[in-house]
A.B. asks: 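To start, I am sharing the structure in question, which I have written as structure tokens.
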Protein chains: 2
Amino acid sequence: MNGSKSRDTETVGGVRRSDVTRNAILEAARERFAADGYERATIRAIAKDARIDPSMVMRYYGNKEGLFAAAVSFDLRLPDLGTVARADIGRALVTHFLALWEENEEFTAMLRVGATNQAGAERMRDTFREQLLPAARQACPDPEQAPARAGLAASQLLGLALTRYVLRLPPTVALAREEIVAWLGPTLQRYLTAPSP
Amino acid sequence: MNGSKSRDTETVGGVRRSDVTRNAILEAARERFAADGYERATIRAIAKDARIDPSMVMRYYGNKEGLFAAAVSFDLRLPDLGTVARADIGRALVTHFLALWEENEEFTAMLRVGATNQAGAERMRDTFREQLLPAARQACPDPEQAPARAGLAASQLLGLALTRYVLRLPPTVALAREEIVAWLGPTLQRYLTAPSP
DNA sequence: AGCGTAGGCCAACACGTGTTGACAGTCCAG
DNA sequence: CTGGACTGTCAACACGTGTTGGCCTACGCT
């Protein structure tokens, strides 16, 4: 509906006076989406956290979906698996994802939303296809098998995130990061590089 | 509020005339919860599917939480791992869970609800503790390590359910059941029975 | 100084939710 | 046949939601 995207409301150097508000909204939105999921994260609650009026959210991000799209990034920042020693790929991936999930809760939000919201699931499929799958193509020998192997890897990685950060199964939460790497690393290594069983 | 639980409304042999309605409600609830998750599954929609009035749901199940509790079973029907050959435990578990998820969608509902709803997550923790953990105790050598190993197994099993039945990542959906058993069986076998890395 | 405009708040709308209570048909025991 | 319960429907309540438009303030340029 409101197509004006760039070029509205700048003063000097593209820095708008309202940027602090915009960022406050985004930050609050990230936390709420991560904690509550898409449906339970209300615009009113987000606005309250950001100490502004709910209508500001609408003004800056159009609607709730727009806010979610703006707040939650889907950049996995995957390392270039070409530079990683072939035998360390599994451990490297687990380490990377652990860091990703623990440094901020955006990706937990992705999970919660993907589990309930149709559009959220679609977006996770895109992320998988555009980021994890190319990485798998670099790691695994037969490119034709890459999708299946990436799917297997995703099942273990997302399962870890689900049980540890969303469901919070006590034994999974209690595991030290090194333990997780030691256990899951070989699994991913096998899914990505071992010959088909 | 209405404490009358048993002994109301029976005719002969404990068979109530309204049982067909009750079952219709439960069946519709299961489908809706599985498809939409707890928040998006509305009582009105469930009632419509069951072709009755929304108020009947309240009468028979008290409130939405009561309906969810009644509709979704949390019995994993795990086989006795004592009777399974030690080397086949991993494959047996994967096979069992695949059958569980594909025969009805209750357990997908559990996942969706656990991901968004606090009470749902709590209930999944209970299920884990009361059913998967005892099974793991039978399977793994050192009983002290059983919780961690059960947690690892849960991460892979729930991750499979998440990617295949909830997010529907195409490569994971495309895998044949035998392929999944062949890939994930060894993983679970290792998590449950192999020595600590 | 004056003015346009961006930033912000307030009140309200329309809608969907879970939930409740009053009312009508229906079956069965006495 | 009659009374009382069970089964079911209808309409409404109270509330929270996303969303909208009008209004006031205050900044920044000329």
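Within every chain, numbering begins at 1; the chains are lettered A, B, ... in the order of the sequence lines, protein sequences first and strands thereafter.
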A.B. asks: So does A:Ala71 get a backbone contact from the side chain of A:Arg30, meaning a donor-acceptor N/O pair under 3.5 Å?
C.D. replies: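 Judged by distance alone, yes, a pair lies under 3.5 Å.
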A.B. asks: Starting at atom CD of B:Glu65, determine the distance to atom P of C:dG18, rounded to an integer number of angstrom.
C.D. replies: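 Distance check: B:Glu65 CD to C:dG18 P gives 12 Å.
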A.B. asks: Can you pull out the residues from residues 29-57 of chain B that lie within a 4.0 Å heavy-atom distance of DNA chain C?
C.D. replies: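 Listed by number, they are B:Ala41, B:Thr42, B:Ile43, B:Arg44, B:Ser55.
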A.B. asks: In whole Å, what is the span from the CG atom of B:Asp19 to the P atom of D:dG8?
C.D. replies: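 Rounding to the nearest Å, CG of B:Asp19 and P of D:dG8 are 10 Å apart.
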A.B. asks: Compile the donor-acceptor pairs under 3.5 Å between side chains in residues 83-102 of chain B and protein atoms, sequence neighbours left out, one pair per line.
C.D. replies:
from	atom 1	to	atom 2	distance (Å)
B:Thr83	OG1	B:Asp80	O	2.9
B:Arg86	NH2	B:Ala139	O	2.5
B:Thr95	OG1	B:Arg91	O	2.8
B:His96	NE2	B:Leu76	O	2.8
B:His96	NE2	B:Arg77	O	3.1
B:Glu102	OE1	B:Arg177	NH1	3.0
B:Glu102	OE2	B:Arg164	NH2	3.2
B:Glu102	OE2	B:Tyr165	OH	2.6

A.B. asks: Would you say that B:Gln156 contacts B:Tyr191 through its side chain, given a criterion of any heavy-atom pair below 4.5 Å between the two side chains?
C.D. replies: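 The answer is yes, as the side chains (C-beta and beyond) meet within the 4.5 Å cut-off.
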A.B. asks: Flag the pair A:Thr21 / A:Tyr60 as yes when at least one side-chain heavy-atom distance between them is below 4.5 Å, and no otherwise.
C.D. replies: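 Yes, close enough: below the 4.5 Å cut-off.
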A.B. asks: Can you measure B:Tyr60 atom OH to D:dG8 atom C1' for me and round it to whole angstrom units?
C.D. replies: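 Those two atoms, OH and C1', are 7 Å apart.
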A.B. asks: For B:Phe68 and C:dG18, give me the distance from atom CZ to atom C1', rounded to whole Å.
C.D. replies: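 Going from CZ in B:Phe68 over to C1' in C:dG18 covers 17 Å.
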A.B. asks: Could you tell me how far apart A:Tyr61 (OH) and D:dG18 (C1') are, to the nearest whole angstrom?
C.D. replies: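 Going from OH in A:Tyr61 over to C1' in D:dG18 covers 17 Å.
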A.B. asks: How close or far is atom P of D:dC6 from atom CZ of B:Arg59, stated in whole angstroms?
C.D. replies: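 Roughly 10 Å, once rounded to whole Å.
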A.B. asks: With a 4.5 Å cut-off on side-chain heavy-atom distances among I, L, V, M, F, W and Y, is there a chain of contacts connecting A:Phe128 to B:Val173?
C.D. replies: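 No; B:Val173 is not reachable from A:Phe128 via cluster members.
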A.B. asks: A side-chain contact here means heavy atoms from C-beta on lying under 4.5 Å apart; do A:Glu39 and A:Thr116 qualify?
C.D. replies: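 Heavy-atom side-chain distance check passes, below 4.5 Å.
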A.B. asks: Which listed nucleotide (D:dT20, C:dG18, C:dG8) is nearest to the side chain of A:Met58?
C.D. replies: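 Closest of the options to the side chain of A:Met58: D:dT20.
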